[in-house]
2 protein chains.
Amino acid sequence: MDTKNPTERYDVMRADCPARQILDRIADKWTVLVILALATGPLRFGRLKAKVEGVSQKMLTQTLRGLERDGMVDRAAYPTVPVTVEYALTPLGHSLVDAVVGLRRWSHAHIDKIDQARRRYDTGKSENANL
Amino acid sequence: MDTKNPTERYDVMRADCPARQILDRIADKWTVLVILALATGPLRFGRLKAKVEGVSQKMLTQTLRGLERDGMVDRAAYPTVPVTVEYALTPLGHSLVDAVVGLRRWSHAHIDKIDQARRRYDTGKSENANL
DNA sequence: CAGTATCCGCAAGGATACTG
DNA sequence: CAGTATCCTTGCGGATACTG
């Protein structure tokens with residue numbers, strides 16, 4: 001299953017490993033949601049903000065800048081008036097889509113199980129509180 | 001590629017969707033690292049803390065409690081002296097391993113590309129600063 | 001060993017106002 | 001429209017001390 005990789009050049013468990021820095025970035029909720037939102041095609045800033053419910057304009061800008069810097073998102077500004085800006089995944093960004101879709105699919109598939117586990121855990125705790 | 005799912009019962013883009021809450025949890029750096037660390041087998045608290053470099057005891061405890069509550073990690077305490085506590089993935093936790101391994105694999109595979117993109121982005125910015 | 005409890009600094013992140 | 005700049009609050013997360 002390739003979960004160990006003791007002979008690899010990089011080890012994500014190491015605090016100073018470059019792979020760790022990358023994981024820190026992509027294991028971020030807004031990053032994941034933006035990637036998913038752009039997976040189906042380019043979007044302008046406003047539409048993107050509307051699609052990713054709950055994101056503030058500040059966090060969206062910040063996330064997009066980070067993804068742009070890492071070469072995963074392309075920013076295209078058209079000199080209309082008012083200005084039009086479109087964001088699109090680069091090939092690098094697209095290569096990440098499968099992985100994040102995996103996360104989303106897992107979330108969808110296990111909502112019920114997790115809800116059950118939470119209820120079991122919480123009732124267990126409150127029962128203990130009565131002892 | 002199943003990136004849209006307009007007819008699905010849940011939509012992760014919605015702020016109040018249960019799937020969003022789950023994604024918020026698993027799209028977290030410590031969660032991902034703990035899942036990876038336990039993927040190869042159970043670990044005691046101390047060994048786990050050593051393996052996941054950089055995690056504080058507080059964040060590790062917090063992350064483990066969250067995962068335990070969601071039914072993804074099992075906590076077993078043995079009445080030795082001093083006490084021995086072992087953490088292991090549940091079947092539910094194991095079912096998430098493939099997805100997070102995907103993230104790690106992607107990170108490993110694209111370190112160089114991202115480094116290049118960053119240098120390009122940063123030098124581009126500083127050149128613009130001279131205009 | 002494996003925690004819990006507490007304090008505290010600092011940065012994430014929201015709200016608002018302003019600009020090309 | 002798509003930002004940037006600013007202020008300000010919240011809580012993440014580290015450090016430390018204490019317990020079964």
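Letters A, B, ... mirror the listed sequences (proteins, then strands); counts begin at 1. From a predicted model like this one, the values you see are computed outputs, not experimental measurements. Side chains are part of it too, since the values below use all heavy atoms of this structure and drop only hydrogens, waters and symmetry mates.
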Participant: If you assign each of K58(B) and R44(B) to its closest nucleotide in DNA chain C, which residue comes earlier from the 5' end?
Facilitator: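 Closest to the 5' end, via its nearest nucleotide, is R44(B).
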Participant: Considering Watson-Crick and G-U wobble pairs with both distances under 3.5 Å, what does dT19(D) pair with?
Facilitator: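 Looking at the geometry, dT19(D) pairs with dA2(C).
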Participant: Applying a 3.5 Å limit to both distances, which nucleotide forms a Watson-Crick or G-U wobble pair with dG14(D)?
Facilitator: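 Check on dG14(D): paired to dC7(C), both distances under 3.5 Å.
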Participant: Given atom CG of L60(B) and atom P of dA15(D), what is their separation to the nearest angstrom?
Facilitator: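 One finds 15 Å between P of dA15(D) and CG of L60(B), rounded.
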Participant: Hey, does V83(B) reach any base, or is it just sugar-phosphate, or nothing, if we go heavy atoms under 4.0 Å?
Facilitator: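 Touches a base.
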Participant: At less than 4.0 Å, is any side-chain N or O atom of Y87(B) found next to OP1 or OP2 of dC1(C)? Yes or no.
Facilitator: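 Negative; the distance criterion is not met.
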Participant: Whole-Å distance between dA12(C) C1' and R25(A) CZ?
Facilitator: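 Answer to the nearest Å: 14 Å.
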Participant: Return the nearest nucleotide to the side chain of W30(A); candidates are dG14(C), dG3(C), dG3(D).
Facilitator: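 Closest of the options to the side chain of W30(A): dG14(C).
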Participant: Do the side chain of Q62(A) and the base of dT4(D) come within less than 3.5 angstrom through a donor-acceptor pair of N or O atoms?
Facilitator: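 Check fails, no donor-acceptor contact within cut-off.
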Participant: Does R75(A) have more than 12 heavy atoms from other residues, nucleotides or ligands lying within 6.0 Å of its CZ?
Facilitator: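 Counting other residues, nucleotides and ligands, CZ of R75(A) exceeds 12 neighbours.
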Participant: Considering every strand and a 4.0 Å limit on heavy-atom distances, what is the contact class for R47(A): base, sugar-phosphate, or nothing?
Facilitator: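 Nothing, no heavy atom under 4.0 Å.
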Participant: Within this structure, what is the CG-to-P distance between D28(A) and dA11(C), rounded to whole angstrom?
Facilitator: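 Going from D28(A) (CG) to dA11(C) (P), I get 17 Å.
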Participant: Counting only N and O atoms by type, is there a donor-acceptor contact under 3.5 Å from the side chain of T84(A) to the main-chain atoms of Y78(A)?
Facilitator: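 No, T84(A) side chain to Y78(A) backbone: no donor-acceptor pair under 3.5 Å.
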Participant: If only atom types and distance count, is the side chain of Q116(B) paired as donor or acceptor with the main-chain N or O of G71(A) below 3.5 Å?
Facilitator: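 No, Q116(B) side chain to G71(A) backbone: no donor-acceptor pair under 3.5 Å.
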Participant: Rounded to whole Å, how long is the line connecting atom CG of L43(A) with atom P of dG3(D)?
Facilitator: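 After rounding, the gap between these two atoms is 13 Å.
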Participant: Should we count CZ of R118(A) as having more than 12 external heavy atoms under 6.0 Å?
Facilitator: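 For R118(A), atom CZ is crowded (more than 12 foreign heavy atoms under 6.0 Å).
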Participant: Looking only at the side chain of P82(B) (C-beta and beyond, no hydrogens), which of the listed nucleotides dC1(C), dT4(D), dT16(D) gets closest?
Facilitator: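 Nearest to the side chain of P82(B) among the choices is dC1(C).
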Participant: Whole angstrom is fine here: how far is it from CD in Q57(B) over to C1' in dT16(D)?
Facilitator: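 After rounding, the reported distance stands at 10 Å.
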Participant: Base, sugar-phosphate alone, or nothing: which one does Y78(B) contact when heavy atoms must sit under 4.0 Å apart?
Facilitator: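 Result for Y78(B) = nothing.
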Participant: Would you find more than 12 non-hydrogen atoms of other residues, nucleotides or ligands less than 6.0 Å from R65(A) atom CZ?
Facilitator: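 Above 12, so yes.
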Participant: Would you indicate, yes or no, if dG3(D) has its OP1 or OP2 atom less than 4.0 angstrom from a side-chain nitrogen or oxygen of R75(A)?
Facilitator: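 Answer yes for this pair, as a side-chain N or O of R75(A) is under 4.0 Å from OP1 or OP2.
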Participant: Starting at atom CZ of R65(A), determine the distance to atom P of dG13(C), rounded to an integer number of angstrom.
Facilitator: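 Taking atom P of dG13(C) as the reference, CZ of R65(A) is at 17 Å.
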Participant: Whole-Å distance between dA2(C) P and L48(B) CG?
Facilitator: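 Result: 10 Å.
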Participant: Where the side chain of M59(B) is concerned, which of dA2(C), dG14(D), dG13(C) is the nearest nucleotide?
Facilitator: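 Per side-chain heavy atoms of M59(B), the pick is dG14(D).
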Participant: Rounded to whole Å, how long is the line connecting atom NZ of K29(A) with atom C1' of dA12(C)?
Facilitator: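 The distance from NZ of K29(A) to C1' of dA12(C) comes to 11 Å, rounded to the nearest Å.
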